[in-house]
Amino acid sequence: MAGMQHFFAVILCACLGYSLPVAARVVSLDYCADQYVLEFVSRDNIAAVSPDATRKFSYLRSRANGLPTVKPIAEDILLKRPDIVVRSYGGGAGISDFLQRFDIKVVEIGYAMSLQDIKHTILTTSAALGAAQQGEALVAGMNRQLKSIEALNTRTARPTALYMTPTGVTSGPNTLIHELLGKAGLRNYQSLSGWHSLPLERLIYESPDVSVLAFFDTPTDHASHWSAMAHPIAQRQQESTKAVPLEGAWTACGGWFVMEAIQALSRSGVESVYDR
């Protein structure tokens with residue numbers, strides 16, 4: 001029942017052309033929330049973003065330059081006098097109930113497990129921030145891009161791709177990364193569901209066609225001496241096969257910007273995999 005009420009509230013806001021009050025103050029508590037606030041809220045209405053808003057793994061980092069920042073601590077948030085707080089994980093599990101006691105509206109951004117989750121989040125969050133039409137346009141753009149990419153992926157034999165990170169973690173079925181690889185016309189080399197360490201033993205006798213290198217551009221994700229990425233087999237894999245680099249900001253959290261990753265994978269992975 002609550003879900004249906006929320007659905008009709010979103011539709012009503014869209015039909016009435018809902019927008020934020022001119023003086024509304026919006027605060028975001030983590031870099032995932034930052035992306036939605038920076039996209040859907042006027043700069044004049046942004047009271048503060050998270051300290052990570054300008055980091056390299058933040059997709060809209062250039063828009064955050066010059067904006068005030070706030071630590072996800074109750075006292076610091078209240079000092080910003082927000083009308084709306086947007087969060088994914090910032091502030092911890094109890095922060096929403098605490099802020100609502102002060103009549104502060106909290107917009108929660110869930111963890112995206114699929115492209116459908118991302119589209120849903122875009123629509124509900126944009127509506128909650130008074131930008132429903134902008135959110136609908138983003139989702140429509142994603143759908144058009146996906147259709148265009150699908151039309152180009154006509155190979156019956158799809159190249160295999162191994163997702164690799166500096167910490168030696170890879171991704172299998174039932175993850176967003178797995179879906180991105182499939183949409184790009186690639187077949188995931190990792191067959192185990194969920195997130196796992198790189199399959200070093202399998203790499204000894206069977207190599208994927210493509211190495212998908214994610215987060216190697218961000219200085220916060222480095223391989224330790226104990227991670228699978230430090231192993232010579234993983235190093236050889238990274239250097240010997242076709243490499244497709246993905247910017248960390250494209251997949252650090254769920255948003256419309258994952259389309260950048262799908263496009264890069266489709267273009268670099270499928271079209272040139274046999275040229276090496």
Q) Which atom pair, heavy atoms only, marks the closest approach of Ser171 to Asn188? A) O-ND2, 2.9 Å
Q) Is it true that Phe57 and Tyr31 have ring centroids separated by less than 6.0 Å? A) yes
(Q) Using only atom types and a distance under 3.5 Å, with no angle test, would you say the side chain of Thr170 pairs donor to acceptor with the backbone of Met164? (A) no
(Q) If I compare all heavy atoms of Ala24 with all of Asp83, which pair ends up nearest, and what's the gap? (A) CA-OD2, 3.3 Å
Q: Would you confirm whether Asp30, through its side chain, and Gly90, through its main-chain N or O, come within 3.5 Å as a donor-acceptor pair?
A: yes
Q. What are the two closest non-hydrogen atoms of Leu99 and Leu78, and how far apart are they?
A. CD2-CD2, 4.2 Å
Q) Are the side chains of Val139 and Leu123 in touch, meaning some heavy atoms are under 4.5 Å apart? A) yes
Q | Test item: Ser58 side-chain N/O and Thr54 main-chain N/O as donor-acceptor pair under 3.5 Å | A | no
Q: Answer yes or no: does atom CD of Gln100 have more than 12 heavy-atom neighbours from other residues, nucleotides or ligands under 6.0 Å?
A: yes
Q | Any donor-acceptor N/O pair, Thr160 side chain to Asp209 backbone, under 3.5 Å | A | yes
Q. Shortest non-hydrogen contact from Gln190 to Pro199?
A. NE2-CD, 4.2 Å
**Q.** Donor-acceptor contact present, side-chain Arg43 to main-chain Arg63, <3.5 Å
**A.** yes
**Q.** Check: Thr125 side chain, Ile122 main-chain N or O, donor-acceptor pair, under 3.5 Å
**A.** no
Q: Work out which heavy atom in Gly254 is nearest to a heavy atom in Ala112; give both atom names and the distance.
A: CA-CB, 4.1 Å
**Q.** Heavy-atom closest pair, residues Tyr189 and Pro208
**A.** CD1-CB, 3.6 Å
**Q.** Same apolar cluster: Leu29 and Val41, side chain cutoff 4.5 Å
**A.** no
Q.
Using the rule given for side chain to side chain contact (heavy atoms under 4.5 Å, CB included), can you reason through Val212 versus Leu162, listing the C-alpha separation, both sets of side-chain angles and the distance that settles it, and then say yes or no?
A. CA-CA 6 Å; Val212 178; Leu162 174 63; over 6 Å; no
Q. Are Lys56 and Glu247 within salt-bridge range, i.e. N to O under 4.0 Å?
A. no
Q: Would you check if there is a donor-acceptor pair between the side chains of Asp34 and Ser50 at a distance under 3.5 Å?
A: yes
Q.
Whether Arg81 engages the ring of Phe102 as a cation-pi pair (distance to the six-membered ring centre under 6.0 angstrom, angle to the ring normal within 45°) should be assessed.
A. no
Q.
Are Trp256 and Tyr36 an aromatic pair, judged by ring center distance below 6.0 Å?
A. yes
Q | Salt bridge flag under 4.0 Å for residues Arg87 and Glu108 | A | yes
